[in-house]
Structures are given as structure tokens and as C-alpha cells.
Protein chains: 2
Amino acid sequence: MHNIQEIAEKLTQSGLKVTPQRIAVMQALMKFHHHPTAEEIFREVSQNIPGLSQTTVYNTLDVFVKKGIAQRIATDAGVMRYDVIAEAHHHLYCLGTARVEDYFDPELDKLLRDYFEKKKINGFRPIDIKLHLTGEFEEQK
Amino acid sequence: MHNIQEIAEKLTQSGLKVTPQRIAVMQALMKFHHHPTAEEIFREVSQNIPGLSQTTVYNTLDVFVKKGIAQRIATDAGVMRYDVIAEAHHHLYCLGTARVEDYFDPELDKLLRDYFEKKKINGFRPIDIKLHLTGEFEEQK
DNA sequence: TAATAAAATGTAATTGTTACAAATTAAAAA
DNA sequence: TTTTTAATTTGTAACAATTACATTTTATTA
Ligand SMILES: [Mn+2]
Ligand SMILES: [Mn+2]
Ligand SMILES: [Zn+2]
Ligand SMILES: [Zn+2]
């Protein structure tokens, strides 16, 4: 799933040209799957692609989001973070470190799905339901 | 609940000095309870307090958040929105209009509370659990 | 291999927010 | 009351993240 072939295919499927920059950005997104910022991706990808422009990273992430192969996450720190879209999952927002960790919980998903199948919300048609757990990661000794 | 006396009291209780700016910002927060931006609050409050500085609005909102009487909401548009803290509630994020609406659902709250009483998350201690419903407000004819 | 539209680049502009020094003011003390 | 003083407000400049835009380069198609 991390290899160039498959990424290239995914790009083509989305109607995008295959470029070294796009492949590298996608690889970086997959590499640190803890929701990197554009800046973090820029630093990472720059190692492989020296002349890389920041703008390209922003553009690329933007295109990925528009095509639905990545996801933008707004954070309290005022920086956007990005996430490869794969299975549905929720997010743990750490108050201390500002990290955003993935949280997978199919049981919970089912619970929510069932709940909102019955319960309709006034004039709102939900497309995505996501839990937003804010808290602290416990010190592990 | 919207009157000056009570707001002044709330400020004092939080260990804050009572100033016209703070009262007005709190009133504005209560007035449009659809999560105004700092800019929207600035425009509103400026009508009553002509010389008002943008910085004051940012400072004030910041102080409110630190004291726990307001809440900061990061949005996908890259602007922060603010919310008076009252009862626990969730948020509906509108894809079309970028609006954020409140969603109260005690039944759901109970469901989630019960669920996370049993289910513990790895090394994470949740402090706040909030549902993040992204979708569209339906056209009402 | 040539043509062409899409993508990447560099730079400047913009937006939202924060830093900081100086002036003002609310609250406490006298 | 007046005085004192720390907290708050203000104005301006700085900043960080992101976007706009003109130019150059490149991936794809013919
Ligand atoms: Mn994620
Ligand atoms: Mn910004
Ligand atoms: Zn943490
Ligand atoms: Zn709210």
C-alpha cells in the first residue's frame, strides 16, 4: 500500500497526473500517519526532492482533499493537519502535546450508526459522524 | 441570563475585573449563539464601544477560554469561532455554509457516557467527548 | 518527437492572530 | 473621596499559515 505503483494508480484513478511531488507527498502522508502539517510534509519530502516548493505541498494536499483521498483536520493550534483517508476512524486530541491520534472503534461506529438511523436531526443531513475526544495521554512508565 | 448584572458577577467569580469591553464581548457571544468569529464580535461590539481595539477582543476571548467560560472552536476554514459554555452539546458543521450549529442530545450523551465507562482507551484519559457531525442543512421550502 | 494542458515554482500578498510598549482604568487601600 | 497600583486596553508592528498569481517546467497525448 505504500509503494509507488499503487499510489500512481490511485492518482490516475482520481484523474490526476502522476508527478514525483505528488507521489512523495502521498508517501509522506502515509509514512507519518499521525496527521502531519503541511510544513512537516514539506520538510520530509524536501529530502527526496530538493527544489520542492512549499506551494506545491499546499497545492497537492489541497488537490488530494478535493479528490477525497486525503482529509483536512482543523486544530486548536490554528494549523491544519492532514490525514490519508482509509477506514473510518475518530480522533484523539491531546491537550498537552497538540497531537492528534487515530482512534478506531467499530463497535462504537455501529452504536452511532444505529442511533442516528432512528434519531433524525431537525433540518440537517449528516454526511460524516466523527467523535472528537479531547484529553491527555497518560504518562507511561 | 443576558443581563449586565449576571455577566459582571460571572466575571468577578472568575477573578476578572469587570470592564465595559468584557461585558460587551460576553453579551455579543450570548447574542449570536451561532459561534461568532473574533471579527464578528469585534464588529458587533464596536457599535457600543467606538474606540474598541481588535486586540482587546482577541485578548478577552482568550481570557474567557482560559477561565473556562468560553470555548474555542477550530474550523476547516482556518478561522477560530467562539462559544459560550453552558450545557454540554455537540456541533453540526455545515459543508455548504461553513456554519457551526449547536446540537443538544442528552440521550446521546448518556449513550456515550455509558459506553466510555466500560470501554477504556489505551493510554488516553478523555476529558471531553464531543460529536462532530459534518453535513448539509437541508433546503427548507 | 511535438503539442498542450496540467502542474510546479518563486514571490508577493493576504488573513488571522500574537507580541509588545505605552496609555488608561477598575478596584483596593488610604 | 482621593490615591495607588496592578490589570486591562490600545495601537502598531510582527508573525505564521495559507493563498494568489505570473512564469517555467513537466506529464501525457497525439
Ligand atoms: Mn486520522
Ligand atoms: Mn493564519
Ligand atoms: Zn498528549
Ligand atoms: Zn456550541
Side-chain angles (χ1 to χ4, degrees), chain A residues 4-5 7-26 28 35-43 45-46 48-67 69-82 98 100, chain B residues 4-5 7-26 28 35-43 45-46 48-67 69-82 98 100:
Chain A
I4 298 180
Q5 297 300 332
I7 294 174
E9 226 169 284
K10 185 173 245 182
L11 291 173
T12 309
Q13 279 169 13
S14 305
L16 298 173
K17 284 190 179 175
V18 177
T19 70
Q21 290 88 344
R22 282 174 176 171
I23 292 197
V25 167
M26 181 52 80
H35 319 94
T37 63
E39 212 267 330
E40 287 173 318
I41 292 173
F42 174 70
R43 279 212 308 279
V45 175
S46 287
N48 307 330
I49 304 181
L52 181 72
S53 164
Q54 289 227 62
T55 306
T56 300
V57 174
Y58 278 104
N59 285 343
T60 303
L61 290 169
D62 232 48
V63 170
F64 286 179
V65 170
K66 274 197 194 104
K67 294 296 182 183
I69 59 184
Q71 185 184 2
R72 216 184 199 228
I73 303 175
T75 69
D76 246 352
V79 202
M80 295 293 171
R81 293 182 171 274
Y82 296 86
V100 180
Chain B
I4 297 180
Q5 297 300 331
I7 294 175
E9 227 170 284
K10 187 174 240 180
L11 291 173
T12 309
Q13 280 170 10
S14 304
L16 297 173
K17 284 190 179 176
V18 178
T19 69
Q21 290 86 347
R22 281 173 179 171
I23 292 197
V25 168
M26 180 52 79
H35 317 95
T37 63
E39 212 266 331
E40 286 172 318
I41 292 173
F42 174 70
R43 279 212 309 277
V45 175
S46 286
N48 307 329
I49 304 181
L52 182 72
S53 165
Q54 289 226 66
T55 307
T56 300
V57 174
Y58 279 105
N59 285 343
T60 301
L61 291 169
D62 232 50
V63 170
F64 286 178
V65 171
K66 275 196 192 107
K67 295 295 182 181
I69 59 184
Q71 186 185 2
R72 216 186 201 227
I73 304 175
T75 68
D76 246 353
V79 202
M80 295 295 172
R81 293 183 170 273
Y82 295 85
V100 179

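Since the model is a prediction, treat every value here as computed from it, not as a measurement. Chain A is the first sequence line, chain B the second, and so forth, proteins listed ahead of strands; every chain is numbered from 1.
In plain terms, the two heavy atoms of B/K17 and B/R22 that are nearest each other are O-NH1, 3.1 Å. Contact between B/I41 and B/A28 at its shortest, heavy atoms only, is CG2-CB, 4.2 Å.
For the pair B/L61 CG and D/dT9 P, the interatomic distance rounds to 11 Å; values are reported in whole Å. At whole-Å resolution of the value, CD1 in A/I23 and P in C/dA7 are 14 Å apart. The CZ atom of B/F64 sits 17 Å away from the P atom of D/dA7 (whole-angstrom rounding). Between the CZ atom of A/F42 and the P atom of D/dA16 there is a distance of 15 Å, rounded to whole Å. In this structure, CG of A/D62 is placed 9 Å from P of D/dA20, rounded to the nearest angstrom. When the P atom of C/dG16 is taken as reference, atom CD1 of B/I41 falls 14 Å away, rounded to whole Å. D/dT8 atom P lies 11 Å from atom NZ of B/K66, rounded to whole Å. Between A/K17 atom NZ and C/dA8 atom P there is a gap of 9 Å when expressed in whole angstrom units.
Each of A/T37, A/L52, A/D62 was scored for a side chain to side chain contact (heavy atoms under 4.5 Å, CB included) with A/V57, with one residue passing: A/L52.
Distances from the side chain of A/T19 to the nucleotides C/dT9, D/dT18, C/dA7 place C/dA7 closest. Closest approach to the B/T55 side chain among D/dT8, D/dG11, D/dA17 is made by D/dG11 (side chain taken as heavy atoms from C-beta onward).
In this structure, B/V63 reaches neither bases nor backbone, as no heavy-atom distance under 4.0 Å exists between it and the strands shown.
Between A/N59 and A/Q54, the residue anchored closer to the 5' end of DNA chain D is A/Q54, taking for each the nucleotide with the nearest heavy atom. A residue-by-residue look at B/T12 and B/Y58 shows that B/Y58 has its nearest nucleotide of DNA chain C further toward the 5' end.
A distance-only check finds no donor-acceptor pair linking the side chain of A/S14 to the backbone of A/L16 [under 3.5 Å]. Under the 3.5 Å distance criterion, the side-chain polar atoms of A/R72 are left unmatched by any main-chain donor or acceptor of A/M80.
Note on A/T56: a side-chain N or O is less than 4.0 Å away from OP1 or OP2 of C/dT9. A sub-4.0 Å separation between OP1 or OP2 of D/dT10 and a side-chain N or O of B/Q21 is present.
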